[in-house]
Amino acid sequence: MKRPVITIAQLAAHADQEVTLRGWVYNWRKKGKLRFVILRDGFGYLQCIVFRPEVSDETWETAVELTQETSVEISGKLVADERAPGGYELKADDLKILGTSPEYPLGKKDHGVDFLLNKRHLWLRSKRQHAIMRVRSEAQFAIREYFQSRDYTLIDSPILTPAACEGTSTLFETDYFGEPAFLSQSGQLYLEPAAAALSKVFCFGPTFRAEKSKTRRHLTEFWMVEPEVAWLQFDGLLDLCEDFLSEVVSRILDRCAVDLERLERDTSKLEASTSTPYPRIDYGDAINKLKELGCQIEHGDDFGGDDETLLANLYDRPVLVTRYPADLKAFYMQPDPKDPTRALAVDVLAPEGYGEIIGGSERSASLEHLEKQIKLHGLPREAFEWYLDLRTYGSFPHAGFGMGLERFVSWMCGIPHLREAIPYPRLINRLYP
RNA sequence: UCCGCAGUAGCUCAAUGGUAGAGCGGGUGGCUGUUAACCACUAGGUUGGGGGUUCAAGUCCCUCCUGCGGAGCCA
């Protein structure tokens, strides 16, 4: 009799039926003439029972050979059983090994981080990693949905670039037919021309930073979403940041409840972030507040990781820190008309110590100002001719921000280190697997 | 690049300067309801590399390597 092949997501519709499933042996236990096989198929887990008196010798011999992560095709009758995790179990009568798995290296007990990262390709098979990858997938979907449902056009910015985008970070250099080329650290400069073309645009792709950062908040390859909007000015940018974040957080809470529960995420700590407004604090006031709290920080300094955490912990939702000193920020930012030593820049700090998840600004529309800034930052003007063209041919006010996907996902999942928020993390000293 | 911590069995970790151990995983056997099952037996080591101190070094010292955490920089 040919039995339907189903997945563990479809169990309820096939109760008391004869079915076939394919998957991997997550775990197995033996108890005399009984074998409990926990099958994993990417959708869930199903306990399968092989009972010696009720199966053929061949099936029994096969069951005896099962090891962790053996891939199998298993058939039998699906029954509801309170003793089984998940509520259903399969009374197996036929079992085929599709691929053996001798001495699977990941055990049921704890492993160290270095070992797990070296086995990242296998680590992805664990329950916790499934949950994180699904949250990441859902976050990417929600982000694209947010922008595309609001008439933004997705513009893919180049990854190979001829020069530094912002002239600040260290870039990965590669050989481009004998010429130096660099892996992009930001799509923004390429997005601004697209905003002049299509008004509301965003890019969402990988970016690269060659800084030798060794912290839980840094990757050398990470994904960033960057909207850029024509006619948007600073106050509108702040509104966009909080509307975007609150909307995406809401969707994660709606759609990833099961995964967040598996990750033991206290979602009550995310609830406040689903509603606006978010607190906004001027850079100068933030410095004063930090000094009150006993920080060794002066006006003109950038925030350290601890300062960010301290500041963010004053609020139950992300806080927008505004109007940074211009010389802390990139060359293209618009100076505050009320105080030209400040830039119309915003950093959004996530709660619970997850740090800066968004950095944005209104961009300078003035050719003269940008020419001055490029000189001041020691950047080669030739490399930016095309960028300056935007201020020559119909210059326009515009603004945008960038959000690091992994920092956002880490915050949603409540995981301490960015390396778990991306399938194959690239870190200083780690390019494998 | 700088500061701090670590490296012992396949994995996670013990071991006053004095005979290198346990749990998990592997192997063999037992058990008809296990939930990271349990029980018994068993195999498994150049203690990251090199040098030094000492009667004696996993342990103390120097050095290199690797990893982790943090700083700087940033999302």
Side-chain angles (χ1 to χ4, degrees), chain A residues 26-38 45 47-54 64 67-69 81-86 89 91 101-119 122-123 126-127 165-171 184-188 204-226 241 301-309 324 328-330 345-350 354-360 401-411 416-419 421-422 427-430:
Chain A
Y26 175 71
N27 193 14
W28 59 271
R29 290 177 282 272
K30 54 177 185 170
K31 171 95 185 168
K33 295 187 173 71
L34 268 175
R35 296 250 157 184
F36 300 91
V37 177
I38 312 297
Y45 299 81
Q47 175 164 284
C48 306
I49 310 296
V50 185
F51 185 39
R52 186 166 201 172
E54 294 177 1
V64 166
T67 59
Q68 200 181 347
E69 292 300 322
D81 192 310
E82 283 180 1
R83 293 168 296 186
E89 68 180 22
K91 293 199 178 304
S101 175
E103 299 193 38
Y104 186 68
L106 268 53
K108 290 175 249 178
K109 296 216 169 175
D110 293 342
H111 294 287
V113 171
D114 186 44
F115 178 78
L116 287 171
L117 285 175
N118 282 326
K119 304 284 185 214
L122 302 177
W123 190 17
S126 72
K127 289 182 177 180
C165 277
E166 309 190 5
T168 50
S169 312
T170 318
L171 305 183
S184 174
Q185 59 165 327
S186 164
Q188 185 210 312
F204 197 173
T207 50
F208 307 87
R209 305 277 166 94
E211 272 133 9
K212 297 196 171 177
S213 297
K214 285 194 70 163
T215 82
R216 63 183 68 210
R217 296 185 305 279
H218 291 87
L219 298 166
T220 53
E221 177 183 307
F222 66 97
W223 283 62
M224 185 154 68
V225 56
E226 296 172 276
C241 286
D301 291 348
D302 208 346
F303 303 113
D306 291 345
D307 303 321
E308 280 183 1
T309 302
Y324 281 76
L328 291 181
K329 292 291 179 182
V346 56
D347 282 355
V348 180
L349 307 181
Y354 283 93
E356 182 187 342
I357 52 169
I358 283 181
F401 68 76
M403 182 178 83
L405 177 67
E406 289 76 15
R407 286 190 181 174
F408 177 77
V409 171
S410 295
W411 172 38
H417 198 303
L418 249 56
R419 66 188 155 216
I422 186 166
L427 302 158
I428 176 176
N429 301 335
R430 184 171 297 282

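First the proteins, then the strands, lettered A, B, ... as listed; each starts at 1. Predicted, not measured: the structure shown is a model, and the values here were computed from it.
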Base, sugar-phosphate, or nothing for A/Gly402, non-hydrogen atoms under 4.0 angstrom?
sugar-phosphate
Assign a letter to each nucleotide of nucleotides 39-45 of chain B from its 5' end: B, base within under 4.0 Å of a protein heavy atom; S, sugar-phosphate only; -, no contact.
-------
With rounding to the closest Å, how many angstrom separate the P atoms on B/rC39 and B/rA22?
15 Å
In whole angstroms, the gap separating C1' of B/rC31 from CZ of A/Arg35 amounts to 11 Å
Between B/rC68, B/rU34, B/rA71, which nucleotide has the shortest distance from any of its atoms to the side chain of A/Gln47?
B/rU34
Let me know the distance between OH of A/Tyr354 and C1' of B/rC74, rounded to the nearest Å.
19 Å
I want to confirm an ordering. Mapping A/Met403 and A/Arg83 to their closest nucleotides on RNA chain B, which one lands closer to the 5' end?
A/Arg83
Can a donor-acceptor pair be found, under 3.5 Å and without considering hydrogens, that links the side chain of A/Glu226 to the backbone of A/Gly187?
yes
Name the nucleic acid region contacted by A/Gly112, choosing base, sugar-phosphate or nothing; use a 4.0 angstrom heavy-atom cut-off, strictly under.
sugar-phosphate
If you only use heavy atoms from C-beta on, which nucleotide in B/rG69, B/rU34, B/rA75 is closest to the side chain of A/Leu219?
B/rA75
May I have the distance from A/Gln68 (atom CD) to B/rG26 (atom P), rounded to whole angstrom?
8 Å
Which value, in whole Å, describes the distance between the C1' atoms of nucleotides B/rC11 and B/rC55?
37 Å
Measure from the side-chain heavy atoms of A/Glu103 and tell me the nearest of B/rG26, B/rG69, B/rA71.
B/rG26
Are A/Asp114 and A/Arg430 within salt-bridge range, i.e. N to O under 4.0 Å?
yes
A/Leu171 side chain near A/Phe208 side chain, heavy-atom distance below 4.5 Å
no
Under 4.0 Å, heavy atoms only, any strand: does A/Leu418 hit a base, just the sugar-phosphate, or nothing?
base
Do A/Glu406 and A/Leu219 come close enough that some side-chain heavy atom pair is under 4.5 Å?
yes
Qualifying residue for ring-ring contact (aromatic ring centres under 6.0 Å, His included) with A/Tyr26, from A/Tyr45, A/Tyr104, A/Phe36:
A/Tyr45
Heavy-atom check, side chain of A/Arg419 versus side chain of A/Leu427, under 4.5 Å
yes
Toward the 5' end of RNA chain B, by each residue's nearest nucleotide, A/His111 or A/Lys31:
A/His111
Kindly point out which of B/rA75, B/rU32, B/rG70 is positioned nearest to the side chain of A/Phe51?
B/rU32
Evaluate A/Lys329 against A/Asp347 for salt bridge (Lys or Arg N to Asp or Glu O under 4.0 Å), listing each step before the verdict.
CA-CA 11 Å; A/Lys329 292 291 179 182; A/Asp347 282 355; 3.2 Å; yes
Side-chain H-bond candidate by donor/acceptor type, A/Gln68 with A/Ser101, under 3.5 Å
no
Return the value, rounded to whole Å, for the distance between atom CG of A/Leu122 and atom P of B/rC11.
14 Å
For the base of B/rG25 and the side-chain ring of A/Tyr104, does the geometry meet a stacking cutoff of under 5.5 Å between centres and under 30° between planes?
no
Would you mind reading off the distance between A/Asn429 atom CG and B/rG67 atom P, rounded to a whole angstrom?
4 Å
Watson-Crick or G-U wobble mate for B/rG69, both contacts under 3.5 Å:
B/rC3
A/Gln185 CD to B/rC74 C1', straight-line distance once rounded to whole Å
9 Å
Has the side chain of A/Glu82 got a donor or acceptor that lies under 3.5 Å from a partner of the other kind on the base of B/rG33?
no
May I have the distance from A/Arg216 (atom CZ) to B/rC73 (atom C1'), rounded to whole angstrom?
18 Å
What one-letter contact string describes nucleotides 1-8 of chain B from 5' to 3', where B marks a base within less than 4.0 Å of any protein heavy atom, S marks contact via sugar-phosphate atoms alone, and - marks no contact?
B-------
For nucleotides B/rG44 and B/rA20, find the distance between their C1' atoms and express it as a whole number of Å.
13 Å
Side chains of A/Leu349 and A/Phe303: does their closest heavy-atom pair fall under 4.5 Å?
no
In whole Å, measure the gap between the C1' atoms of B/rG23 and B/rC38 for me.
14 Å
How far, in whole Å, is B/rG48 from B/rG29 if one measures between their C1' atoms?
38 Å
Picking from B/rG69, B/rG33, B/rA71, the nucleotide nearest the side-chain atoms of A/Arg419 would be B/rG69
Under a 3.5 Å cut-off for both contacts, is B/rG29 paired Watson-Crick or G-U wobble with anything, and if yes, with which nucleotide?
B/rC39
Residue A/Lys212 excluded, over 12 heavy atoms near NZ under 6.0 Å
no
When both distances are under 3.5 Å in a Watson-Crick or G-U wobble arrangement, the nucleotide paired with B/rC24 is B/rG10
Name the nucleic acid region contacted by A/Phe36, choosing base, sugar-phosphate or nothing; use a 4.0 angstrom heavy-atom cut-off, strictly under.
base
Lys/Arg N to Asp/Glu carboxylate O, A/Lys91 vs A/Glu89, below 4.0 Å
yes
What contact category does A/Leu34 fall into here, base, sugar-phosphate, or nothing, at under 4.0 angstrom with non-hydrogen atoms?
base
What contact category does A/Asp347 fall into here, base, sugar-phosphate, or nothing, at under 4.0 angstrom with non-hydrogen atoms?
nothing
In whole angstrom, give me the gap between the P atoms of B/rC62 and B/rC73.
32 Å
Considering only the C1' atoms, how many Å lie between B/rG50 and B/rA9, rounded to the nearest integer?
23 Å
Mind checking the P distance from B/rG72 to B/rC3? Whole angstroms is fine.
16 Å
Given B/rU32, B/rC74, B/rU12, the nucleotide with the shortest approach to the side chain of A/Arg407
B/rC74
Rounded to the Å, how far apart are A/Trp28 CH2 and B/rC38 P?
12 Å
Compare all side-chain heavy atoms of A/Arg217 with those of A/Arg407 and state whether any distance is below 4.5 angstrom.
yes
Would you give the length of the straight line joining atom OG1 of A/Thr220 to atom CG of A/Asn429, rounded to the nearest 0.5 angstrom?
10.0 Å
Classify the nucleic acid contact of A/Glu89 as base, sugar-phosphate or nothing, counting any heavy atom under 4.0 Å across all strands shown.
base
